[in-house]
Number of protein chains: 6
Amino acid sequence: DFEKALDEVKPAFGASVETLEAYLRHGIISCGEAFDHLRETLSMLVEQVRASEKTPLLSVVLEGPVGSGKSALAASAAMTSDFPFLKVVTSESMVGFSEQAKASQITKVFEDAYKSPMSVVILDDIERLLEYVAIGPRFSNTILQALLVLIKRQPPPGRKLLIIGTTSMTDVMESMSINEVFNVSLHVPSLRVDEMVKVMRSLDVFSVMDIPQAVDLLTSIHSKVVPMKKLLLWVEMARQDVPEGQKIPLARWEQVLRDLS
Amino acid sequence: DFEKALDEVKPAFGASVETLEAYLRHGIISCGEAFDHLRETLSMLVEQVRASEKTPLLSVVLEGPVGSGKSALAASAAMTSDFPFLKVVTSESMVGFSEQAKASQITKVFEDAYKSPMSVVILDDIERLLEYVAIGPRFSNTILQALLVLIKRQPPPGRKLLIIGTTSMTDVMESMSINEVFNVSLHVPSLRVDEMVKVMRSLDVFSVMDIPQAVDLLTSIHSKVVPMKKLLLWVEMARQDVPEGQKIPLARWEQVLRDLS
Amino acid sequence: DFEKALDEVKPAFGASVETLEAYLRHGIISCGEAFDHLRETLSMLVEQVRASEKTPLLSVVLEGPVGSGKSALAASAAMTSDFPFLKVVTSESMVGFSEQAKASQITKVFEDAYKSPMSVVILDDIERLLEYVAIGPRFSNTILQALLVLIKRQPPPGRKLLIIGTTSMTDVMESMSINEVFNVSLHVPSLRVDEMVKVMRSLDVFSVMDIPQAVDLLTSIHSKVVPMKKLLLWVEMARQDVPEGQKIPLARWEQVLRDLS
Amino acid sequence: DFEKALDEVKPAFGASVETLEAYLRHGIISCGEAFDHLRETLSMLVEQVRASEKTPLLSVVLEGPVGSGKSALAASAAMTSDFPFLKVVTSESMVGFSEQAKASQITKVFEDAYKSPMSVVILDDIERLLEYVAIGPRFSNTILQALLVLIKRQPPPGRKLLIIGTTSMTDVMESMSINEVFNVSLHVPSLRVDEMVKVMRSLDVFSVMDIPQAVDLLTSIHSKVVPMKKLLLWVEMARQDVPEGQKIPLARWEQVLRDLS
Amino acid sequence: DFEKALDEVKPAFGASVETLEAYLRHGIISCGEAFDHLRETLSMLVEQVRASEKTPLLSVVLEGPVGSGKSALAASAAMTSDFPFLKVVTSESMVGFSEQAKASQITKVFEDAYKSPMSVVILDDIERLLEYVAIGPRFSNTILQALLVLIKRQPPPGRKLLIIGTTSMTDVMESMSINEVFNVSLHVPSLRVDEMVKVMRSLDVFSVMDIPQAVDLLTSIHSKVVPMKKLLLWVEMARQDVPEGQKIPLARWEQVLRDLS
Amino acid sequence: DFEKALDEVKPAFGASVETLEAYLRHGIISCGEAFDHLRETLSMLVEQVRASEKTPLLSVVLEGPVGSGKSALAASAAMTSDFPFLKVVTSESMVGFSEQAKASQITKVFEDAYKSPMSVVILDDIERLLEYVAIGPRFSNTILQALLVLIKRQPPPGRKLLIIGTTSMTDVMESMSINEVFNVSLHVPSLRVDEMVKVMRSLDVFSVMDIPQAVDLLTSIHSKVVPMKKLLLWVEMARQDVPEGQKIPLARWEQVLRDLS
Ligand SMILES: Nc1ncnc2c1ncn2[C@@H]1O[C@H](COP(=O)(O)OP(=O)(O)OP(=O)(O)O)[C@@H](O)[C@H]1O
Ligand SMILES: Nc1ncnc2c1ncn2[C@@H]1O[C@H](COP(=O)(O)OP(=O)(O)OP(=O)(O)O)[C@@H](O)[C@H]1O
Ligand SMILES: Nc1ncnc2c1ncn2[C@@H]1O[C@H](COP(=O)(O)OP(=O)(O)OP(=O)(O)O)[C@@H](O)[C@H]1O
Ligand SMILES: Nc1ncnc2c1ncn2[C@@H]1O[C@H](COP(=O)(O)OP(=O)(O)OP(=O)(O)O)[C@@H](O)[C@H]1O
Ligand SMILES: Nc1ncnc2c1ncn2[C@@H]1O[C@H](COP(=O)(O)OP(=O)(O)OP(=O)(O)O)[C@@H](O)[C@H]1O
Ligand SMILES: Nc1ncnc2c1ncn2[C@@H]1O[C@H](COP(=O)(O)OP(=O)(O)OP(=O)(O)O)[C@@H](O)[C@H]1O
Ligand SMILES: [Mg+2]
Ligand SMILES: [Mg+2]
Ligand SMILES: [Mg+2]
Ligand SMILES: [Mg+2]
Ligand SMILES: [Mg+2]
Ligand SMILES: [Mg+2]
């Protein structure tokens with residue numbers, strides 16, 4: 001009956017792979033030990049769910065600053081797991097839904113997952129799923145309570161589930177006891193100087209000689225650490241108008257940083 | 001008519017035993033006097049409900065840190081009571097229900113219990129039943145008021161009821177006057193060093209010689225006391241990749257603790 | 001037409017007497033002057049409603065710690081009044097009702113009372129009727145407003161009504177102006193040492209010689225004053241396993257107190 | 001057409017006179033200059049509404065402690081006005097109504113009043129009409145807004161209206177800007193010593209010689225000033241059991257005061 | 001099509017003129033430079049809307065203490081504008097309406113105004129339109145948001161609109177950003193001594209010789225500045241009982257002030 | 001199919017151009033480097049969306065004081081982009097809509113934009129879209145959550161989208177995390193002295209010699225910096241009554257400033 005379960009979940013799988021790929025549009029750039037270790041730990045959790053009989057359910061939350069690469073890491077772990085059911089729960093596909101509708105949509109994803117022998121469910125941007133806003137603060141307690149239960153609920157006998165959450169609001173997660181229901185919590189940091197250097201080398205848009213100074217400009221104009229997503233955006237902006245095949249001049253780089261950050 | 005009542009409640013009974021067994025998946029590991037005394041006190045309460053004519057209703061709340069074993073202790077007391085009606089009230093079976101629906105579901109369980117000559121009702125994770133969240137704070141007053149009344153309401157003449165609640169939010173229970181409506185309150189603690197040693201021996205996954213150092217690593221990397229559930233999870237993770245029949249090397253144990261806690 | 005009114009209210013009367021009896025399951029144990037005086041004052045109020053033409057409506061609130069005997073005293077006053085209409089308004093019979101439904105149920109009781117020449121209405125556990133909880137705080141303003149009006153509203157000409165409220169939250173009553181609408185407020189205290197001695201003698205479960213020490217244990221392990229209901233429960237627990245006809249040994253008494261309080 | 005309007009409002013008038021009489025059950029006891037002056041001021045306002053063409057609408061709020069006699073004074077002013085339309089807006093006739101229903105009921109009274117050439121509308125216990133409670137605080141803004149507008153709204157040309165409000169929460173009225181919409185505000189005080197003496201003489205229940213001491217007991221056991229309604233209630237209680245035609249002995253008076261206040 | 005538009009709005013116009021006249025029952029008494037300047041500034045705004053092509057929309061808020069004459073000034077400016085569409089938005093005609101109903105009623109007035117070539121819309125007592133109350137504070141955000149947009153929204157090409165708001169809660173307007181959406185804000189003050197003298201002369205109810213002392217009494221018993229409306233009311237009250245053709249004696253004036261203020 | 005998509009969006013385009021033109025009624029007056037640089041940066045963003053394959057979605061928020069010219073700058077950038085789909089999301093066209101209706105209207109605009117190969121969506125006055133008010137504060141979380149997702153959601157493959165938001169409440173945007181979801185944030189300042197001089201020269205309403213003094217009056221009576229919109233309004237008011245072809249006399253300018261600001 002695993003075969004049959006597998007068949008049932010196929011369409012769902014297909015749909016989500018698209019989403020997962022979107023999260024990886026810019027790929028995963030190797031940028032140092034910290035990130036490599038994160039990826040290995042995620043792999044280990046995947047393997048434990050696959051292998052261990054005593055831990056059919058594991059849950060891990062990736063927390064870190066906006067744009068640090070949490071969603072991409074989650075997507076990458078899911079893609080490489082080879083589990084037959086992969087699904088991203090994201091508010092992007094639920095714009096304008098009522099709290100109730102969102103909660104039942106989320107519940108539905110878990111119930112679909114329970115039908116597959118092995119599943120990964122990504123709860124992307126948990127604060128957004130919860131409709132959280134710091135003023136008030138306000139959020140959907142209906143959705144929160146559903147998550148608090150779903151993250152802890154054991155799948156039916158014989159089924160295995162890895163839940164990967166992402167959030168950039170660690171404090172909020174704590175004040176809502178969400179961190180407590182996850183088995184493991186991993187920090188995804190912004191890039192430090194040496195990591196930025198690695199990323200820039202890998203992007204190959206600056207002349208190698210310019211890279212130290214480019215990073216210098218970045219940290220002095222902006223801040224000591226920079227999230228991956230921002231770095232990629234600014235490089236893309238600076239590349240604007242630079243003729244095909246040429247590198248970004250430092251002057252232009254400085255201009256972009258001063259105008260936009 | 002007791003016979004008839006008994007028949008009526010059978011299906012409910014069956015269903016709940018499954019849940020109770022799920023709570024005991026890892027069994028009850030004997031880990032010291034404190035836990036043994038807790039179990040005896042629970043037994044005594046069961047006996048009093050069974051025997052005394054003047055106390056047809058008793059209620060006890062088990063409070064203690066997350067993962068300390070509250071639900072397992074409650075389930076174990078219920079299983080060993082041999083009462084004909086055993087039922088767990090848990091939010092796991094009410095995900096996405098409205099407040100009203102939850103309150104009436106809970107009420108229903110009590111009314112079913114009143115039909116049996118002797119019953120145990122477990123109110124598992126009361127804060128979750130109440131949809132409690134510290135921000136605000138918010139919770140369902142509808143459900144709270146139902147519980148405050150149901151926990152104190154005498155069963156009909158000739159029927160007997162033991163109510164066991166569990167919670168990891170003692171302060172919250174107090175600010176909601178829930179502790180006041182329970183006749184008895186028992187504390188379920190995290191494991192101390194000597195108890196961890198006992199548990200590890202019983203698990204038989206470390207070489208006996210390594211256990212003191214394994215516990216040492218645990219308390220220095222994590223904290224002085226550790227809840228049962230966390231200990232079992234980390235051991236399970238450390239066992240990962242360790243060849244069948246071999247013990248967990250201390251190095252791997254340390255690695256797991258550093259990565260995940 | 002008094003006769004006819006009387007007939008109409010009979011069923012209601014019957015139903016409530018049952019409830020009243022339930023409140024008196026453990027009887028009223030004579031335990032000292034303070035309690036005797038309370039009972040006399042209540043009798044005097046009953047007599048005034050019966051006799052005076054100028055005070056067809058009187059209202060009294062019994063306030064005191066949880067378990068001090070408020071409900072039992074109210075029930076006892078009602079039972080001995082011999083008024084043809086006696087009714088307890090309690091949240092136990094309204095679990096899961098909406099605010100609106102509760103308010104109209106309560107109003108209905110008063111309107112039934114107005115049909116009888118003389119009535120006692122008990123508003124038991126006013127904070128529970130109001131769905132009060134200290135966090136927030138929250139409560140039903142719909143029910144509160146109904147009570148604030150009903151407690152002050154004169155019955156129709158020729159009808160007489162005594163209202164007895166009970167509460168263990170005196171502060172809350174004040175902040176809601178409920179104390180102001182009651183004509184009289186009486187305090188029902190926990191038992192002091194001499195009163196506990198009297199109660200224990202009357203219960204006849206300790207050897208007379210042991211009573212002073214039993215009370216001593218109680219006040220040193222628990223607290224200087226103890227509510228009647230708790231005392232009765234602990235005695236009942238200590239009696240557990242004590243062979244028929246024997247007294248409770250002090251050692252067992254101490255054990256029970258240490259385990260449960 | 002005044003004749004016709006008069007006819008239309010008759011039934012309403014009849015109904016309310018009953019209520020007005022209920023407010024005056026204990027009559028108006030002459031108790032000193034302060035109260036006499038209050039009654040004269042109210043008469044003057046009645047006359048101004050009757051006579052002046054430039055002030056077809058006047059509004060006055062009577063504020064003072066609970067039981068000081070506000071409702072009785074308002075009722076008395078209305079009864080002696082001889083205006084063809086008299087109406088009391090009281091929450092007693094709206095128990096269990098929704099906010100909307102109360103607001104529209106109140107509006108209806110004003111619209112009925114506009115049909116009569118001269119009207120008095122009493123808004124009794126404004127805080128109760130508003131469903132006010134200090135915790136929160138909570139109240140019905142729907143009803144408040146209706147009152148704020150209705151109290152200021154001019155009657156149609158040729159119609160005259162006197163609005164008398166009563167309240168024991170002066171601070172609340174101010175924080176809601178209700179005091180601002182009334183043209184005049186009058187304070188109804190509790191009784192001082194000399195006034196209590198006058199009232200007791202007029203009641204003729206103490207021997208004349210005992211009155212100074214009776215008042216003394218009252219002020220020393222209770223407080224320096226006492227609202228009229230409380231004084232009347234305690235006297236009534238003390239009269240209990242005193243044989244027909246005899247006066248209340250001071251000892252009994254003291255007993256009642258000690259037991260109930 | 002201007003002609004046609006004109007025809008369409010006629011009935012609305014008629015209805016509102018009545019309201020405007022009611023605001024001016026006591027006329028506009030000339031009482032000094034400050035008020036004259038206010039009236040001129042309002043005229044200038046009317047002229048600008050009429051003449052300038054670049055400012056088809058102007059908005060002005062009159063703010064000042066309760067009773068200072070804001071509504072009368074607004075009404076007077078509207079009446080003298082000769083614009084074909086004049087409308088007062090007042091909560092007096094919307095008692096008991098829901099928030100939604102009020103918001104759509106207000107929107108309707110603006111849409112009617114857009115049909116006329118030149119319009120004045122008076123938003124009278126903005127805090128009352130918003131159902132504002134300081135406790136909480138509470139107000140209708142639905143109505144507020146509608147006003148914030150409507151006051152800034154340009155009329156269709158070729159149509160002109162002057163919006164005059166009145167409020168006695170300047171602080172509230174600021175905290176709601178309402179002051180920001182009005183182009184101009186004018187302060188309407190209470191009367192100072194010299195202005196009161198002027199008003200009293202113009203009213204001709206005191207003997208000319210008495211006026212300085214009458215004003216003196218007013219400022220010493222009440223306060224240094226007095227709103228126009230209160231002054232007119234007290235004079236009216238003092239005139240009560242004064243025989244036709246005679247002036248108000250100072251003694252009576254003092255009596256009225258002491259009784260009522 | 002781009003052709004077809006283009007056709008589909010035409011009407012929407014037409015409608016919005018009208019709105020865009022309304023925003024530019026007073027044109028864009030060149031007033032200094034700061035504004036020129038702002039306009040260039042906006043152009044650069046337009047170009048990047050058009051050209052880059054890696055950034056099909058860019059979002060920029062213009063923040064600055066009320067009336068500083070944010071909406072005009074956004075409209076001008078959109079008009080000059082030549083993108084086939086231009087749309088302004090403004091609360092002016094949603095007065096009286098429910099939160100849900102507004103949220104779905106906004107979502108609809110984005111979904112229409114996704115059908116066009118290249119689009120500009122202007123979110124004008126974000127605080128107004130959110131129904132924000134500082135008291136409370138209150139706002140529509142439904143609309144906020146929709147915006148937070150829509151601003152970050154990638155258009156479908158091959159489609160490009162530039163989002164321009166405007167707001168005068170930078171702090172509020174931060175406390176709601178709206179600033180975080182925009183890629184770029186640009187500040188639109190009020191005018192400084194030299195910029196005011198430029199604007200006044202360009203308006204040609206003062207005699208050139210008077211301009212320095214006119215600006216002096218403005219900064220001394222009003223404040224050091226003045227938003228563009230206010231300056232234009234006051235000039236327009238001062239022009240009132242000035243005969244065709246003549247310049248505004250300084251005396252009149254001073255009068256207007258003193259009366260209105
Ligand atoms: N080593 C890396 N780890 C993570 N992301 C990487 C890495 N290298 C490149 N990327 C790219 O960086 C981007 C990270 O963006 P991503 O959306 O995952 O961040 P995020 O932390 O989820 O952001 P947000 O807080 O906005 O949700 C992705 O486009 C991804 O392809
Ligand atoms: N002596 C013991 N007491 C309790 N649980 C034990 C014991 N020995 C082993 N266990 C196992 O430990 C686990 C305790 O988890 P349990 O869910 O009961 O904890 P909990 O306190 O209810 O956690 P939570 O706070 O998350 O609800 C169970 O799997 C149980 O089988
Ligand atoms: N003298 C007494 N006065 C009151 N109750 C007594 C007395 N003697 C014995 N009892 C018994 O004590 C118990 C008192 O419980 P009761 O429910 O009346 O207390 P309570 O104050 O209403 O408690 P709660 O605060 O929980 O409502 C009853 O079972 C009653 O039969
Ligand atoms: N001089 C008096 N003034 C007012 N009331 C008087 C006077 N003399 C006797 N009474 C009686 O005193 C009682 C006053 O009660 P009343 O209900 O008017 O007080 P209240 O201030 O409205 O009370 P509450 O604050 O509860 O509404 C009435 O029964 C009235 O008949
Ligand atoms: N110069 C004047 N300016 C304004 N009102 C005047 C003047 N002279 C006489 N009045 C009269 O004074 C009264 C002012 O009352 P109005 O209702 O306009 O005050 P308001 O400020 O709107 O009061 P509120 O704060 O209660 O709304 C009106 O009756 C008006 O006819
Ligand atoms: N250089 C300029 N930049 C911006 N606006 C200008 C400029 N020159 C003239 N204007 C005019 O100034 C006005 C600016 O008003 P606009 O509505 O754009 O300001 P805003 O900042 O959006 O105001 P609000 O905060 O009220 O939304 C427009 O009428 C515009 O035509
Ligand atoms: Mg992400
Ligand atoms: Mg548990
Ligand atoms: Mg009770
Ligand atoms: Mg009253
Ligand atoms: Mg006004
Ligand atoms: Mg704008």
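Throughout, a chain's letter reflects where its sequence line sits, starting with A, and its residues are numbered from 1.
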Scanning both residues in full, the closest heavy-atom pair of Met196(B) with Leu191(B) reads CE-O, 3.3 Å
Taking side chain as everything from C-beta outward and backbone as N, CA, C, O, which of these in Glu236(B) sits under 4.5 Å from a heavy atom of chain A? Side chain, backbone, both or neither.
both
What residues of residues 40-57 of chain A make heavy-atom contacts with chain B at a cutoff under 4.5 angstrom?
Thr41(A), Met44(A), Leu45(A), Glu47(A), Gln48(A), Ala51(A), Ser52(A), Lys54(A), Thr55(A), Pro56(A)
Between Leu150(A) and chain B, with a heavy-atom cut-off of 4.5 Å, which part of the residue counts as in contact: side chain, backbone, both or neither?
side chain
When you measure from the side chain of Gln213(B) to the backbone N and O of Asp210(B), does any donor-acceptor pair fall under 3.5 Å?
no
Below 4.5 Å, heavy-atom pairs only: which of Asp125(B), Val95(B), Thr90(B) has the largest tally toward chain A?
Val95(B)
Interface check, chain A: of Ser140(B), Ala22(B), Pro137(B), Ser91(B), most non-hydrogen pairs under 4.5 Å belong to Ser91(B)
Which atoms of Phe97(B) approach chain A - backbone, side chain, both or neither, heavy atom under 4.5 Å
neither
Counting only non-hydrogen atoms closer than 4.5 Å, does Phe139(A) touch chain B with its backbone (N, CA, C, O), its side chain (CB onward), both, or neither?
both
Against chain B, label Thr142(A) side chain, backbone, both or neither, depending on which of its atoms sit under 4.5 Å from a heavy atom there.
neither
For the student: nearest non-hydrogen atoms of Leu148(A) and Ser177(A), plus distance
CD2-O, 3.7 Å
Heavy-atom closest contact (Glu195(B) atom, Ser190(B) atom, distance):
OE1-O, 3.8 Å
Less than 4.5 Å apart, any side-chain heavy atom of Thr170(A) and any of Val172(A)?
no
Measure Lys229(B) against the heavy atoms of chain A and call it side chain, backbone, both or neither at under 4.5 Å.
side chain
Can you tell me if Ser185(B) and Asn179(B) form a side-chain donor-acceptor pair at under 3.5 Å?
no
Testing Arg138(B), Arg128(B), Glu131(B) for side chain to side chain donor-acceptor pair (under 3.5 Å) with Gln145(A), which one passes?
Arg128(B)
Verify, without hydrogens or angle tests, whether Glu127(B) (side chain) and Ser168(B) (backbone) share a donor-acceptor contact under 3.5 angstrom.
yes
Heavy-atom cut-off 4.5 Å, strictly under: side chain, backbone, both or neither for Leu58(A) against chain B?
side chain
Which atoms form the tightest heavy-atom contact between Leu38(B) and Pro189(B), and what is the distance?
CD1-CD, 4.2 Å
Using every non-hydrogen atom in the two residues, find where Ser81(A) and Val120(A) come nearest and quote the distance to one decimal.
OG-CG2, 3.9 Å
